[in-house]
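Shown next, in structure tokens, is the structure this report addresses.
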Protein chains: 2
Amino acid sequence: MFSIGGLSKKTKVKIPTIRYYEEAGLLAAPERTNGNQRRYDQAGLERLSFIKHARELGFSIEAILSLIELQEHPDRSCDEATAIATAQLSDVRAKIKKLRSLEKELKRISDCCDGSGLSEDCNVLTALADHTLCIHPSHG
Amino acid sequence: MFSIGGLSKKTKVKIPTIRYYEEAGLLAAPERTNGNQRRYDQAGLERLSFIKHARELGFSIEAILSLIELQEHPDRSCDEATAIATAQLSDVRAKIKKLRSLEKELKRISDCCDGSGLSEDCNVLTALADHTLCIHPSHG
DNA sequence: TGTAATGTCTCTAGTAACTAGAGGTTCAAG
DNA sequence: CTTGAACCTCTAGTTACTAGAGACATTACA
């Protein structure tokens, strides 16, 4: 049994975040001491590790809730879990694609100015002001 | 001279967002009709286009504020604008790097489950629960 | 000129996923 | 038994918007 501070140290999840996860229904409300302080066991630690890992992978709180529900009903098909992971994967891929095109344009913008002049003539500002200089329209 | 709705159509920025930009100090408060409605001119349109473009490139409101201040003080060095753009570029690159490693792990997780079984044995859930299965720790 | 439809106004509150702080209570050590 | 750290709840702030209420303005048309 450990306190919220202990759990926080073990998992490197901040204390208010742990309470937030409990509030959000991700983390079961743990036992309390007579003085109303939270006391966690191994199961709580594992659950929080799961949540942390999923958050690091970019899963939303909502998606994690679905995954947890699946864990708690092992009789259901795992289609759903796979679907959530696959959706997350294409989301990540879309973000990468978008960021790559941003990278291109930002590189172009940064490169065309050596920073030595006055901002009056700054190409960074010009490039930002003039959308038509874009290589590609940047949303997609 | 056009209304906020007209500006919204031209720029494809939603009306409440335009008002939000004004409130945030990005967009100068425009003239008003006798009936208190906003009326924009060409300068307003250009400014909003600038803001939109910068937002699409992932610049924060704060960063855009700095860029606008630079535009309004053309006597200053453009170092600052270049610095902001460069910072934005390395930010984008860091994000890409992180997303690539997430992509790898998500692909591994998704691939090892064909979705046909019960969630009891689901590898997606196992992979998420067991951090040690990670190829690499996923934050960086 | 009247009226109806559409547009706009301000203000408040909600979103995601936390984070920070106030003001009070409990725990663990000595 | 006291001290100091850790903990409690609650509220509010963050970013960049988005949505809605209720009132007022503008425009089109008869």
Side-chain angles (χ1 to χ4, degrees), chain A residues 1-27 29-40 44 47-48 50-68 84 87-88 91-92 95 98 102 138-139, chain B residues 1-27 29-40 44 47-48 50-68 84 87-88 91 95 98 102 139:
Chain A
M1 293 304 244
F2 27 88
S3 67
I4 196 166
L7 185 63
S8 173
K9 259 173 206 154
K10 277 179 215 286
T11 57
K12 276 156 200 163
V13 173
K14 285 176 193 154
I15 291 173
T17 305
I18 296 173
R19 292 197 274 246
Y20 170 76
Y21 287 159
E22 182 182 323
E23 169 74 21
L26 291 184
L27 205 51
E31 283 179 50
R32 300 276 184 138
T33 61
N34 289 337
N36 200 35
Q37 297 194 359
R38 292 167 179 85
R39 285 299 175 269
Y40 296 90
R47 165 64 55 88
L48 183 56
F50 174 93
I51 295 166
K52 193 200 177 194
H53 189 192
R55 287 293 301 134
E56 282 171 352
L57 289 169
F59 289 86
S60 68
I61 298 289
E62 221 189 318
I64 298 172
L65 261 173
S66 311
L67 290 171
I68 284 171
I84 292 169
Q88 184 58 26
D91 197 67
V92 164
K95 276 181 190 156
K98 187 168 183 181
L102 296 191
S138 53
H139 59 86
Chain B
M1 291 307 244
F2 26 88
S3 67
I4 196 167
L7 186 63
S8 172
K9 259 173 206 154
K10 277 177 214 284
T11 57
K12 276 157 198 164
V13 174
K14 284 176 192 152
I15 292 173
T17 306
I18 295 174
R19 292 199 273 247
Y20 170 76
Y21 287 159
E22 182 182 324
E23 167 75 22
L26 290 183
L27 204 50
E31 281 179 51
R32 300 278 182 136
T33 63
N34 289 337
N36 200 33
Q37 297 194 357
R38 292 169 178 84
R39 287 298 175 270
Y40 296 90
R47 166 62 57 86
L48 183 55
F50 174 93
I51 295 167
K52 192 199 178 196
H53 190 192
R55 286 293 301 135
E56 282 170 352
L57 288 170
F59 288 86
S60 69
I61 298 288
E62 220 190 319
I64 297 172
L65 260 174
S66 310
L67 290 170
I68 284 172
I84 292 169
Q88 186 57 27
D91 198 67
K95 277 183 190 153
K98 184 166 183 182
L102 296 191
H139 59 87

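- Using a cut-off of 4.0 Å between Lys/Arg side-chain N and Asp/Glu carboxylate O, A/Glu56 and A/Lys12 are scored as not salt-bridged.
- Between B/Tyr21 and D/dC17 there is a side-chain N or O to OP1 or OP2 distance below 4.0 Å.
- Residue B/Thr17 places no side-chain N or O under 4.0 Å from the OP1 or OP2 atom of D/dA16.
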For this session: Check step by step if salt bridge (Lys or Arg N to Asp or Glu O under 4.0 Å) holds for A/Glu23 and A/Arg19.
Result: CA-CA 6 Å; A/Glu23 169 74 21; A/Arg19 292 197 274 246; over 6 Å; no
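- For the OP1/OP2 pair of C/dT19 and a distance below 4.0 Å, the side-chain nitrogens and oxygens of A/Lys14 include at least one atom meeting the criterion.
- Distances shown here put every side-chain N or O of B/Ser60 at or beyond 4.0 Å from the OP1 or OP2 atom of D/dT15.
- With distances taken from any side-chain atom of B/Ile15 to the nucleotides C/dT8, D/dA6, C/dC18, the minimum falls on C/dT8.
- Listed candidates were D/dA25, D/dC7, D/dC17. Nearest to the side chain of B/Thr33 is D/dA25.
- For A/Arg19 and D/dT9, the shortest distance from a side-chain N or O to OP1 or OP2 is not below 4.0 Å.
- Proximity of A/Arg55 to the phosphate of C/dC18: a side-chain N or O atom is located under 4.0 Å from OP1 or OP2.
- Put simply, CZ on B/Arg32 is 12 Å from P on D/dT26, counting in whole angstrom units.
- Contact annotation for B/Arg38: backbone-only contact, meaning every heavy-atom pair under 4.0 Å involves sugar-phosphate atoms and none involves a base.
- In plain terms, the two heavy atoms of A/Gly5 and A/Ile15 that are nearest each other are CA-CD1, 3.9 Å.
- Of the two residues contacting DNA chain D, namely B/Gly35 and A/Gly35, the nearest-nucleotide position lying further toward the 5' end is that of A/Gly35.
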